[in-house]
Amino acid sequence: MIWINQIVQGVLLGGYYALIACGLSFMFSVMRIINLAHGSLAVLAAFALWLLAEQADISPFLGLLLVLPAMAALGWGLQLLVLERALRAGALIPILSTFGLAILTDNILFEGFGADTRSLAPYIGSLSYDSWTITDDVYVGKLAALTFAAAAAVLVGLHLFLTRTQLGRAIRATAEDADTAGFVGLDARVVNATAAAIAMATVGLAGAFLAMRATFDPYAGAPQLIFAFEATVIGGAGSLWGTLAGGVVLGVAQSLGAKISPQGFLITGHLVFLVTLFVRLAIQGVGLSRLLAKIPGRA
Amino acid sequence: MMSANTIKIESWSPLSKMSAALAVAILGALAAGPFLFSANMVDQLITLFIYVILAAMWNALAGYGGLISVGQQLFFGLGAYAAVRLAHAGVSVYPALLLAALIVGAASVPLSAFMLRLKGGEFAIGMWVTAEAAHLFVNLDALVQGETGTSLIELNAYDTETRRAFTYWAAFAAMTASLAAVFLLLRSRTGAAIQAIRDDEAAAASVGVRVFATKRMIFVLAATGAALAGSLWLATAVSFQPKTYFSVQWTAYMIFMALAGGLGTFEGAILGAVLFFALETVLGASGVWYLISLGGAALGFSLFLPRGVWGTLEDRFGVRLLPVGYRLKISEGPDGANGRPASATPDERMMPTDSHCPAPPA
């Protein structure tokens, strides 16, 4: 039964991974950029929420009303000022730019907030540790369930947005073929900036849940980026639901590994990622861009 | 009227001959380092040499090969780890440093079969994940004891002065060998092939370039170089803590050096290492501001000056110190193109034919 509990926890953890991965996956599908600053920006959002909670006594959930639009604006600016320019210089320059941005963000946060680890758990009352007891061995944390629900909601929302709304169709069209989309009057710059804004908003939300379920410090961004990337690659297949599946697989692998040994948590996660990548490459010879070439929204 | 232009392809120009002579002279002077310089200066130079190795290798991989890896700390850490392991197993310390690098280089061959199938950003992060995984596995070693680490206590066999001198010469030899290896590689057929692959892989394959074998060569060379840098760093730092050696910060340093110096230019790597060393000397004491400047500089260079300092200079003034590329020397024939009578000095137009533009957007 303990193992069943581990699997349950793993699935719920997968919800968090899906949430942090969907922004990365979305940005890659639309703009072909892997944003190496992804994790660092999530931590930035977490710090912003912490600041609001600490200084202004604003509960994190209310704080999200301020932070999410700010993150969206950040995404807009990021795309227009940094990513677009970087892409013009070459397909590989965005990797260098976003990496520089990640280093910059991490260290500015360190300069501003110091090395202390922080958490939003003190500001959400008992939500951080409440749980439902299913059986003697299986517990479902309320926060973990909320995170999973939020991830599912974001994925459904994105799916509906991309398939049902005008802007969503515009994003898919531009991702598919920017020039032809331009012929029918879609401004690629605006469309891409919107996609980046949406991606950053999900990153902000993920950062909030990261801070609520665990601790964070200025350098916590890198591991989050790696988890997001692993979940994206494991899930693959271009659909947002693939991201959820990838997150769950990663979460379950990590939780089972943790049961074996304390270091097992990270090791199993990385191993599952590398094995999945290897198997996928060996069988299909398909890389990430082909994996995500299918436009998001077609599940 | 057709003018009989003669076109010569040459690699060396008067300027590059002078520069090469100057470089050899500088290297000669540096070789006598421990006798000429103070202890502090020798230590500083060892650090600089290691930075040059890292910069040259990352530049060869990314600037010439187009393979941007955010995980070279994998080899840096493994090189140091292998050196510690070998030394503890009884191998003499300084040969162990080289042997460790060679072992890691050999290990990178099977790794390349897997990693080189990834492209672009996924290769970059894939290497980072592999570095993290290696870090975790090294932590499991009973000798290393997690993040506690261990030390290269075998260095105790030498007294301080001798140790410093030996490490200096080891680093100097490694730097010279690495630069020579990259230089020769880039001048060879493989060098042209690797740049062709960087610019357009499909086109390169269509003219008969063996894409995978070429990429693998650069990958293994870069891995061996990074591993050598790692084992040398161990020799200066003496202590091995996995967290330090496998930190992604090493990649941040490499990226800064390559970008600031000039991605895809040979001299740029050396200049980048010098710039980085200077920056570290000036700002190192101010804690995190130094890393903030690095990040900001990487961001700024990649957006505004993607060719780096040397690359921009090269583009502006057409100067190339070391002959890594080829030049066309076009001289006017007896009937000048404009009907001028033949002049005593041929009209030389130097056009470097190696391109070091980053790959066009996908």
Side-chain angles (χ1 to χ4, degrees), chain A residues 28 32-37 81-83 85-111 218-219 222-223 225-226 228-230 232-233 261 263-267 269-271 273-274 277-278 281-282 285-291, chain B residues 62-63 66-70 114-115 117-126 128-137 139-140 146 198 247-249 251-252 255-256 258-259 263 287-307 357-362:
Chain A
F28 186 80
R32 293 284 174 277
I33 294 175
I34 292 193
N35 181 8
L36 291 183
L81 296 174
V82 176
L83 297 178
R85 216 195 156 110
L87 262 180
R88 272 206 297 266
L92 297 176
I93 300 289
I95 300 174
L96 301 171
S97 309
T98 51
F99 186 75
L101 183 64
I103 300 279
L104 196 61
T105 311
D106 285 349
N107 289 290
I108 289 182
L109 285 174
F110 184 87
E111 185 63 27
Y219 296 107
L225 166 71
I226 295 200
F229 182 71
E230 290 180 341
T232 306
V233 170
S261 125
Q263 286 122 329
F265 180 78
L266 289 173
I267 291 184
H270 293 325
L271 279 181
F273 165 75
L274 289 172
L277 196 59
F278 183 66
L281 285 176
V286 170
L288 189 66
S289 29
R290 216 104 63 76
L291 279 187
Chain B
L67 297 165
I68 296 198
S69 156
V70 177
F114 177 45
M115 299 308 291
R117 300 182 69 169
L118 304 175
K119 301 276 186 298
E122 51 182 5
F123 172 75
I125 305 195
W128 189 352
V129 173
T130 314
E132 293 293 315
H135 179 181
L136 290 168
F137 277 115
N139 273 0
L140 292 175
R198 178 200 63 205
S247 162
V248 76
Q249 240 165 52
T251 292
I255 289 182
F256 172 81
L259 270 182
L263 203 60
V288 154
W289 281 108
Y290 149 65
L291 287 168
I292 293 179
S293 340
L294 277 192
L299 184 61
F301 272 107
S302 65
L303 291 180
F304 300 110
L305 212 63
R307 298 270 297 132
C357 316

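Letters go in sequence order (proteins before strands), and every chain restarts at 1.
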Trainee: Under 4.5 Å from any heavy atom of chain A, what part of B/I255 do you find: side chain, backbone, both or neither?
Mentor: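 Just its side chain gets close to chain A.
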Trainee: Using 30° and 60° as the class boundaries, would you call the ring planes of A/Y219 and A/F110 parallel, tilted or perpendicular?
Mentor: tilted
Trainee: Closest approach of B/A298 and A/G100, non-hydrogen atoms and distance?
Mentor: CB-CA, 4.0 Å
Trainee: Where on B/V70 is there a heavy atom nearer than 4.5 Å to chain A: the side chain, the backbone, both, or neither?
Mentor: side chain
Trainee: Keeping A/T98 on the side-chain end and A/L36 on the backbone end, is there a donor-acceptor pair under 3.5 Å?
Mentor: yes
Trainee: Checking A/L87 against A/I93 for the side chain to side chain contact (heavy atoms under 4.5 Å, CB included) test, could you report, in this order, the C-alpha distance in whole Å, the side-chain angles of both residues, the deciding distance, and whether it holds?
Mentor: CA-CA 6 Å; A/L87 262 180; A/I93 300 289; over 6 Å; no
Trainee: Using non-hydrogen atoms and a 4.5 Å limit, figure out which bit of B/I292 sits close to chain A: side chain, backbone, both or neither.
Mentor: both
Trainee: For a quick test of reading the model, state the closest non-hydrogen atom pair linking A/L274 to B/F114 and the distance between them.
Mentor: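 That closest heavy-atom pairing would be O-CZ, 3.6 Å.
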Trainee: Would you compute the distance between atom CG of A/L225 and atom CD of A/E230 and round it to the nearest 0.5 angstrom?
Mentor: 9.5 Å
Trainee: What residue, out of B/L299, B/T251, B/I125, B/I68, has the most heavy-atom pairs lying under 4.5 Å from chain A?
Mentor: B/I125
Trainee: For chain B, which candidate among A/L101, A/L271, A/I108 shows the most heavy-atom pairs at distances under 4.5 Å?
Mentor: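 Greatest number of close heavy-atom pairs with chain B: A/I108.
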Trainee: So what's closer than 4.5 Å to chain A heavy atoms on B/S293: side chain, backbone, both or neither?
Mentor: neither
Trainee: By a 4.5 Å heavy-atom criterion (distance strictly below it), what part of B/A124 contacts chain A: side chain, backbone, both, or neither?
Mentor: side chain
